[in-house]
Amino acid sequence: MMFRQRIAGLVQEALPEEAIRHIDIGTIIEIPADPKLGDYAFPAFSLARVLKKAPQRIAQEVADSITPPPWVERMEVVGGYLNFFIEKSFMVREVLQRIQDEGEAYGSSQTGQGRTVVIDFSSPNIAKPVAVGLIRTTVLGHSLYRIFAHQGYHVERVNHLGDWGTQCGKWIVAYELWGDEERLKADPIKELFQLYVRFHQEAETQPELDDRAREAFRRLEQGDPELLALWRRFRELSIKEFERVYARLGIEFDSYAGEAFYEDKMPRVLEILTEKGLLKDSEGAAIVELEDLPPCLIKKSDGSTLYATRDLAAALYRWEHYRPSLVLYVVGAPQQLHFKQVFAVLRLMGMDWVDRYEHIAFGTIRLGDEAMSTRRGNVVFLEDLLDEATGRARAIIDERNPGLADKDEVAEMVGIGAVLFYFLMFNRMKDISFDWAAALNYEGDSGPYVQYTYARAGSVLRRADAEVLPVAELNTGALTEPEELALVKELARFGSVVASAEAGREPSAIARYLLELCRVFNGFYHAHRIVGSDVMAERLALLDATRTVIRNGLYLLGIRAPEEM
RNA sequence: GCGCGCGUAGCUCAGUGGAUAGAGCAUCUGACUUCGGAUCAGAGGGCCAGGGGUUCAAAUCCUCUCGCGCGCACCA
């Protein structure tokens with residue numbers, strides 16, 4: 001980012017007014033795929049029409065009118081490109097200096113200064129076991145939290161628990177019919193899960209069970225004390241379970257205000273809707289009609305509320321309580337219509353701030369051919385996956401590094417890291433076929449590959465048994481090998497990667513970057529000796545800077561970086 | 001039927017307007033008697049689903065078609 005902007009500045013000054021109006025110089029500067037062509041390039045093609053000149057001529061004229069500053073080694077016009085070669089020792093010094101100075105803040109910007117972003121993520125339904133299907137919203141939301149916080153935002157992490165609604169009626173009915181106090185005491189989560197699955201199995205042949213569930217929820221919503229007590233108990237058991245898994249993943253929340261929290265805030269929503277004349281009766285239910293979208297159902301014909309009603313109340317509350325610049329709902333793609341409807345209703349209500357609300361959708365995790373479904377019992381428990389992952393990491397450690405201290409701790413870091421990385425490395429809209437072999441792959445494109453690179457670099461540092469010197473004391477001009485320069489350029493790019501991850505709400509950009517960075521570092525590592533070389537001090541500084549960037553990148557994904565593994 | 005999303009190497013995926021389309025896995029061939037082989041170097045493998053269009057330039061934008069997934073009223 002640092003050089004890109006300076007190059008943009010040079011080009012901008014060299015261009016006539018009319019050209020500048022037509023292009024965004026800041027974004028047009030690119031990095032050539034082949035470093036032999038240059039370090040940065042200005043493509044002049046898009047200006048050919050505006051200036052009515054051939055691109056090569058424009059590039060040449062820009063080149064002629066630029067007096068290259070000392071840090072530009074030379075410029076070259078190739079085709080319609082003006083290619084810039086940065087003076088190498090300057091580039092190395094700038095990048096290493098900046099990483100040394102900024103440390104864990106390297107790669108951040110302050111775009112979020114003074115702004116609040118609310119991120120609604122994870123949001124499991126209570127009385128349901130934590131299945132692998134929950135992991136995507138959980139790790140995406142957590143990574144987005146880290147990214148936005150890194151960019152200076154104040155972030156509120158909200159776990160919008162699914163602790164209200166007809167589903168609550170379902171397990172109340174299931175418990176009344178088949179529940180067993182002893183089993184519930186012995187293993188609450190297992191008992192709740194079995195009740196849940198049994199309800200859905202039996203409801204397929206006895207649809208009247210669904211009616212009973214709706215009736216039970218209606219009574220719960222009206223405050224039936226017995227049902228409320230049962231509800232509270234199930235809720236607490238569930239949260240205890242969730243928190244154990246979150247702790248393993250290193251995730252925390254600022255609020256557990258779930259759907260039940262909005263129970264007493266819905267009448268106001270209904271009032272506003274009525275006041276504005278938006279509420280219509282349809283087959284006994286209350287709806288809001290929308291343009292270009294199916295109507296939004298606000299109240300069931302039995303008078304009880306729905307998902308959308310509670311989301312409207314939540315949206316209102318979040319605006320009034322947090323005054324956010326941005327609200328992100330990290331919820332699966334199947335709910336796109338729901339959010340479109342809720343946002344459209346808010347717009348009709350005159351809530352212009354709804355423009356700040358975004359649904360961050362993501363693809364489905366499928367198991368074999370089917371989408372995972374807790375209802376059908378077709379499910380992999382998240383904890384089983386985490387156990388499998390750490391167990392496997394432990395086995396590899398026992399085999400390759402039996403002398404390691406804290407083996408269990410490191411196995412947890414690596415195993416969890418592998419799982420987190422796997423679920424963050426794909427574009428969020430892609431469906432993921434869950435497959436044990438792929439999720440537990442620790443070679444090639446994987447979290448452990450990145451962690452391994454980090455640990456090995458750390459091991460070199462220990463082996464060298466020398467302090468990493470401040471850049472001012474180094475001869476940065478001594479780093480001239482192509483592998484060294486490629487690594488420096490890769491490190492320089494980190495800030496723009498973080499910025500694009502923020503802009504696209506796409507942590508995978510960071511995961512992809514880390515894989516590339518490690519590949520470039522490993523290429524350097526294998527090509528050149530570090531300890532004992534005559535440029536050892538410079539190479540150690542380069543290695544240390546790489547470690548900083550890997551650590552920062554992993555942090556933004558919510559993954560820990562082990563010193564040894 | 002309507003809406004949203006996806007379609008790139010055998011498989012899993014990057015690349016979303018620029019220079020010769022890239023990785024990982026799998027397959028094959030190799031690697032320093034000194035820094036960790038969870039690594040690295042190399043090989044083979046592509047009508048970027050298909051047609052039409054816009055542009056100096058298209059995997060990328062528009063349009064149509066095909067295939068797959070998801071959603072479309074009292075679940076969340």
Side-chain angles (χ1 to χ4, degrees), chain A residues 28 30 32-34 37 41 43 45-46 48-49 54-55 78-81 83 123 125 162 164-167 169-170 210 213-214 217 259 282-287 292-302 304-308 310-311 331-338 340-341 361 363-364 366 371 375 393 396-397 399-401 414 418 425-427 429-433 435 437-438 441-446 448-453 455-464 508-509 511-512 515-516 518-519 522-533 536 539-540 543 564-565:
Chain A
I28 203 173
E30 39 184 89
D34 183 352
L37 289 167
F45 308 95
S46 57
R49 171 157 298 175
V78 180
Y81 290 94
N83 294 330
S123 308
N125 285 338
W164 208 238
T166 306
Q167 44 156 350
K170 288 180 183 175
D210 285 319
R214 273 190 285 273
F217 174 60
E259 299 195 68
S282 170
E283 299 167 33
I287 64 164
D292 303 325
L293 289 174
C296 184
L297 203 53
I298 303 290
K299 250 170 120 176
K300 294 190 265 190
S301 43
D302 70 1
S304 60
T305 59
L306 285 146
Y307 185 36
R310 291 185 284 279
D311 261 356
V331 181
Q335 296 188 40
Q336 280 178 118
L337 178 59
H338 164 75
K340 274 188 191 170
Q341 290 176 311
T364 306
R366 359 186 119 268
R375 292 186 185 186
I396 296 174
I397 291 168
E399 182 194 326
R400 304 184 198 182
N401 195 359
V414 174
M425 69 188 284
F426 307 112
N427 277 343
M429 286 311 293
K430 284 256 198 236
D431 287 352
I432 296 179
S433 288
D435 139 30
N441 167 43
Y442 293 1
E443 290 174 12
D445 285 356
S446 70
Y449 169 72
V450 177
Q451 291 174 316
Y452 175 77
T453 303
R456 189 172 57 183
S459 147
V460 174
L461 220 45
R462 285 190 297 276
R463 185 62 67 101
S508 67
R512 293 281 156 195
L515 292 172
E516 187 59 29
C518 289
R519 219 165 275 134
N522 285 321
F524 156 70
Y525 173 86
H526 278 275
H528 303 288
R529 178 107 201 133
I530 298 167
V531 177
S533 80
M536 176 164 101
R539 285 183 178 160
L540 282 179
L543 178 146
E564 290 182 70
M565 64 188 269

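Letters A, B, ... are given to chains in the order of the sequence lines, protein chains preceding strands, and every chain is numbered from 1.
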Completion exercise
Closest to the side chain of A/Ile396, out of B/rC35, B/rA38, B/rC75, is B/rA38
Compare side-chain N and O positions of [X] against OP1 and OP2 of [N] and report whether any pair is under 4.0 Å apart.
X: A/Lys340; N: B/rG71; result: no
X: A/Asn427; N: B/rA14; result: yes
X: A/Thr364; N: B/rG69; result: no
X: A/Tyr525; N: B/rA31; result: no
X: A/Tyr442; N: B/rA38; result: no
X: A/Arg456; N: B/rG37; result: yes
X: A/Lys430; N: B/rG7; result: yes
X: A/Asn125; N: B/rA76; result: no

May I ask you to say what [X] touches in the nucleic acid, namely base, sugar-phosphate or nothing, with a heavy-atom cut-off under 4.0 Å?
X: A/Leu306; answer: sugar-phosphate
X: A/Ser459; answer: base
X: A/Gln451; answer: nothing
X: A/Ile298; answer: nothing
X: A/Gly162; answer: nothing
X: A/Pro448; answer: base

How would you list, by chain and number, every residue that makes a ring pair (Phe, Tyr, Trp, His ring centres under 6.0 Å) with [X], sequence neighbours excluded?
X: A/Tyr525; result: none
X: A/Tyr452; result: none
X: A/Tyr442; result: none

Problem - 5′-ward residue of the pair A/Arg400/A/Ile287 relative to RNA chain B - result: A/Arg400
Fill in the blank from the handout: Comparing nearest nucleotides in RNA chain B, the 5'-proximal residue of the pair A/Val414, A/Ile530 is A/Ile530
Partners passing side chain to side chain contact (heavy atoms under 4.5 Å, CB included) against [X] (at least two apart in sequence or in another chain):
X: A/Leu461; value: A/Val468, A/Leu540, A/Leu543, A/Asp544, A/Arg547
X: A/Ala285; value: A/Leu297
X: A/Leu37; value: A/Pro32, A/Asp34, A/Asn83
X: A/Ser508; value: A/Asn427, A/Glu506

Fill in the blank from the handout: Those residues at least two apart in sequence (or on a different chain) that pass salt bridge (charged side-chain N to carboxylate O under 4.0 Å, His left out) with A/Asp431 are A/Arg366
Handout entry: Listed partners of A/Arg214 passing salt bridge (charged side-chain N to carboxylate O under 4.0 Å, His left out), at least two apart
Key = A/Asp211
Handout entry: Polar pair under 3.5 Å, donor/acceptor by atom type, side chain A/Arg529, base B/rU34
Key = yes
Handout entry: Base B/rA14 to side chain A/Ser508, donor-acceptor N/O within 3.5 Å cut-off
Key = no
Fill in the blank from the handout: Per-nt protein contacts along nucleotides 19-27 of chain B (heavy atom under 4.0 Å; B base, S backbone sugar-phosphate only, - none) come out as B---SSS--
Practice task
Starting from Watson-Crick (N1-N3 plus N6-O4 or O6-N4) and G-U wobble pairs under 3.5 Å, report the runs of at least three that RNA chain B belongs to.
Solution key: B:1-7 with B:66-72, B:10-13 with B:22-25, B:27-31 with B:39-43, B:49-53 with B:61-65
Handout entry: From CD (A/Gln341) to CD1 (A/Ile287), nearest 0.5 Å
Key = 10.5 Å
N/O contacts under 3.5 Å, protein versus nucleotides 55-61 of chain B?
{"residue": "B/rC56", "atom": "OP1", "partner": "A/Arg49", "partner atom": "NH2", "Å": "2.4"}

